[in-house]
Structures are given as C-alpha cells and as structure tokens.
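We count residues from 1, following the sequence as given.
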Amino acid sequence: MFKLQEAFESIQLNAPTRKMENWKYTPVAKLLETEFYIDFIRATAGSPYKRPTQLSQHPFANLALETAAEIKIIEIKERLLSPMQINYSNEKNKAQTVHQRIHVAENIHAEIIFDHFSVDNSACFFNIFTEIVLEKNSKLSIYKKQTLNNISFLIDFILVNQAEGSSFYSFTLDKGAALSRTDIEVHLNQPHAEASVHGFYQTIGSQVADHHSVIHHHAPHCQSSEHYRGILNDSSKAVFNGKIIIDQDAQKTSAQQLNKNILLSSKAEIDTKPELEIYADDVKAKHGATIGQLDEQALFYLLARGIEKIEAITLLMIGFAKEVFLAIPNKKVQESLLELLQ
C-alpha cells in the first residue's frame, strides 16, 4: 500500500493544491494521504492509449491518461431499447483508474446508468476520465448514482463534444463518499446542439460533494441548461462552480444556470459560483444561486396538522429536491433515483 501523493510523484505529475484556482475549495489533502493498493501502469511514449497533450486544469484526468492500462471503447451504433448499465465497485482499499471513450453514431439515441457503490467498509478510490463524442442528431442521456461509503473517494471527469443537432443530458446523484468531485466539460461545436447538466447532492457528517462544469457554446443556435440542488447537514460541505462560455460566433444562444441549496446545520458550508462569460451580443442567458434554511412557515404548517417533526422535515426536503428530479427524461430512472433519495 502507498499514498496517492506518491503515485503522482512516481510519474512526475503535480497533484492538485489549494493554490490551483479550480481546486481552491476542494479538500484533497486527506485523499492524497490515504493509503491504497494501487495497480497503476504508466503508459509508454508509443502507447496508443497515451494522449500527446495534457488537461492542464485537471491533474486527476492527467493521472488517468498516464496510468490507465487501456482505454475502454464503447461504440453505440444502434438505438438502445433500455439504458446501458455500467457498475463501479471497489473493495479491500483498492484504487482504480478508468479511461473510457463513448461514441454515439449519427441519429442514434442512447442512455447509460453509471452506478458507483462500495462492496465493503474499506477506503477505496476511483479516478475516472470519460470522453464522449456525439455525432449529428444523436442523443445521449447519462445518469450517475454515487452511494460510496463515507471513507471512499471518487474523482470523475467527463469531456463531451457535440456535433450539429445532437443532444446531451446528464443527471448526477451524490449521496456518499468522503469526497466526491465531478467535472463536466461540454463543447457545443456545431449549430442546434443542446446540453442539459443537472444534479442533486445530499451530504452529512464531514462529506464533501464538489461539482464543476463548463458548457462552451462555440456555434450559433445552441441551447444549454444547468440545474443543481443540494441539502447539507452536520459539518459537511459542497462546492458548485458552473461556467457558461458563449463565443463571439455563437449568436442566437440560449443558456441558463441555477444552483439552490438548503443548509440544515450552522456548520454546513456551500461554496457556490455560477459564471457567465459572454462574447456574443444576440443571446439569452441567465444564472443564479440561493442558499437558505428550511421554510419555517411551511414547517409550522405541517406541524400544526399533526405531522411529526422529522416527517415534516423529510417532506419539505423531498419537495425541494423533487423539482430537479422531475426533469429526468426516463421516468423509470427518475422513480428509482427518487426512491433512493427517500
């Protein structure tokens, strides 16, 4: 067993620090100092799995590029009748690197469920880098469910490139892990592409849920939406940093972004930073963020009608969360995730 910090040093990569802007609010010290059984294989210079350039803003994605034994290729050339299921489970203090590419062919629709869960009570680590390419008029929905135990870690980076008329939807449910960070970077490269990036996080104890996203509008007549909600309790922490970039040529763009949070404890903390970077003059764009407590009047209303306090609080929390869940296009997936929430 050895520490993750040593893994970075062994392949001459810089581990993230608080001095890096994109990692300023992500507490990675505990992850870097935790000991794992690590089965990393450094890709050689001539390896087909090694990319010539690095992702400068994401050290863990670079770690995945350097150490994954192979790239898992998923080619979707026919419409899937039901969602594809991809499970990630670890045990016995293992750390695992995954590098995968998903390619959806022209005019094809597909759904994928990513399920992250723990097999035992050991501290495990997943480092996942996923590249997604959507061809013309294709459609992909991904649903990520994360229920790892409270001493495990997950770092997940998703890079999406979209062609004309393509549609991308993602929903992330974060309920577990000591630290879970998801980065989604979407490039709307051609006209009439659409992207929706949604999620919900629920943290307790000292858990940290971190969500970073960049939606880059490169072409005109594209649409994007981003909606995240979170409920934080105890001394837990969440981070939301969403950025929408609209290039000068991306006229007739429509983009919106929203982050809402409820803090159930005075020790809970949320660092939220919605951003718009606009270089075009014919766009519709808006963003916002809210932080608050449970509605005291609504709670009093329920208590006055004989509902027990814990049940009343639960009803209010589910009502707050439901709005983002109801946008999930697959109703069976929507129901299963709502059941997990309850």
Side-chain angles (χ1 to χ4, degrees), residues 22 25-26 58 83 86 88 111-117 126 128 130 132 140-148 153-160 167-177 179-186 194-204 207-215 224-233 236-244 255-263 268-275 287-291 317-331 333-342:
N22 278 2
Y25 299 105
T26 308
H58 205 293
I86 300 178
Y88 300 100
E111 294 178 294
I112 302 176
I113 298 174
F114 298 103
D115 193 355
H116 303 262
F117 58 93
F126 272 104
I128 301 174
T130 303
I132 296 174
L140 176 66
S141 297
I142 64 172
Y143 312 104
K144 173 185 167 184
K145 180 174 65 174
Q146 188 275 112
T147 57
L148 294 167
F153 303 87
L154 170 64
I155 305 291
D156 193 10
F157 181 71
I158 301 170
L159 177 63
V160 184
S167 177
F168 174 71
Y169 175 87
S170 76
F171 185 90
T172 300
L173 173 61
D174 265 334
K175 283 199 66 177
L179 167 64
S180 173
R181 170 159 171 158
T182 301
D183 286 68
I184 299 180
E185 183 177 320
V186 180
E194 299 180 1
S196 298
V197 180
H198 296 179
F200 178 81
Y201 42 89
Q202 182 179 358
T203 58
I204 59 174
Q207 289 178 331
V208 178
D210 189 337
H211 291 269
H212 279 61
S213 65
V214 176
I215 300 178
S224 70
S225 68
E226 189 169 10
H227 187 181
Y228 279 82
R229 295 193 174 208
I231 298 177
L232 291 73
N233 204 353
S236 64
K237 177 180 178 179
V239 179
F240 173 82
N241 187 182
K243 177 183 284 189
I244 296 174
Q256 55 185 347
Q257 184 184 85
L258 182 62
N259 177 228
K260 290 190 172 185
N261 301 275
I262 287 180
L263 306 183
E269 176 185 343
I270 171 71
D271 294 303
T272 181
K273 186 183 179 184
E275 299 179 75
H287 67 115
T290 62
I291 303 170
M317 289 194 298
I318 291 174
F320 170 79
K322 243 185 176 182
E323 187 170 339
V324 69
F325 281 82
L326 293 177
I328 297 174
N330 186 314
K331 297 306 176 184
V333 174
Q334 179 191 120
E335 291 170 3
S336 67
L337 292 178
L338 275 172
E339 288 177 2
L340 181 64
L341 178 67
Q342 295 183 36

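Put simply, CG on Leu263 and CG on Asn233 are 9.5 Å apart, with the number rounded to the nearest 0.5 Å. Taking CZ of Phe320 as the reference point, atom CZ of Phe200 lies at 7.0 Å (rounded to 0.5 Å). In this structure, Ser225 OG and Glu194 CD are separated by 9.0 Å, a value rounded to the nearest 0.5 Å. Between atom OH of residue Tyr143 and atom CD of residue Gln334 there is a gap of 9.5 Å, rounded to the nearest 0.5 Å. Rounding to the nearest 0.5 angstrom, the gap separating the CG atom in Leu173 from the OG atom in Ser180 is 10.0 Å. Note that OG of Ser196 is 12.0 Å distant from NE2 of His227, once rounded to the nearest 0.5 Å.
When side chains are defined from C-beta on, Thr26 counts as touching Leu179, because their heavy atoms get closer than 4.5 Å. For the pair Ile158 and Ser170, the minimum side-chain heavy-atom distance is 4.5 Å or more. Contact check for Phe240 versus Glu226: side-chain heavy atoms found under the 4.5 Å cut-off. In this structure, Ile204 and Ser236 have side chains that are not in contact, with every pair of non-hydrogen atoms separated by 4.5 Å or more.
A salt bridge is defined here as a Lys NZ or Arg NE, NH1 or NH2 lying under 4.0 Å from an Asp or Glu carboxylate O, and Asp271 with Lys237 meets this definition.
Less than 6.0 angstrom separates the ring centroid of Phe325 from the ring centroid of Phe171.
Of the candidates Thr172, Thr182, Asp174, Lys144 forms a side-chain hydrogen bond (donor to acceptor under 3.5 Å, both in side chains) with just one, namely Thr182.
Residues forming a side-chain hydrogen bond (donor to acceptor under 3.5 Å, both in side chains) with Glu269 (at least two apart in sequence, or on another chain): none.
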Show the numbers, then the answer: is there a side-chain contact (heavy atoms from CB on, under 4.5 Å) between Lys322 and Leu338? CA-CA 8 Å; Lys322 243 185 176 182; Leu338 275 172; 3.9 Å; yes
In sequence, state the C-alpha distance, the side-chain angles, and the governing distance for Arg181 and Asp183, and then conclude on salt bridge (Lys or Arg N to Asp or Glu O under 4.0 Å). CA-CA 7 Å; Arg181 170 159 171 158; Asp183 286 68; 2.6 Å; yes
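Relative ring orientation between Tyr88 and His116 is described as parallel, the plane-to-plane angle staying below 30° on a 0-90° scale split at 30° and 60°. Between Tyr201 and His211, the ring planes lie parallel to each other; the angle is under 30°, not in the 30° to 60° tilted range.
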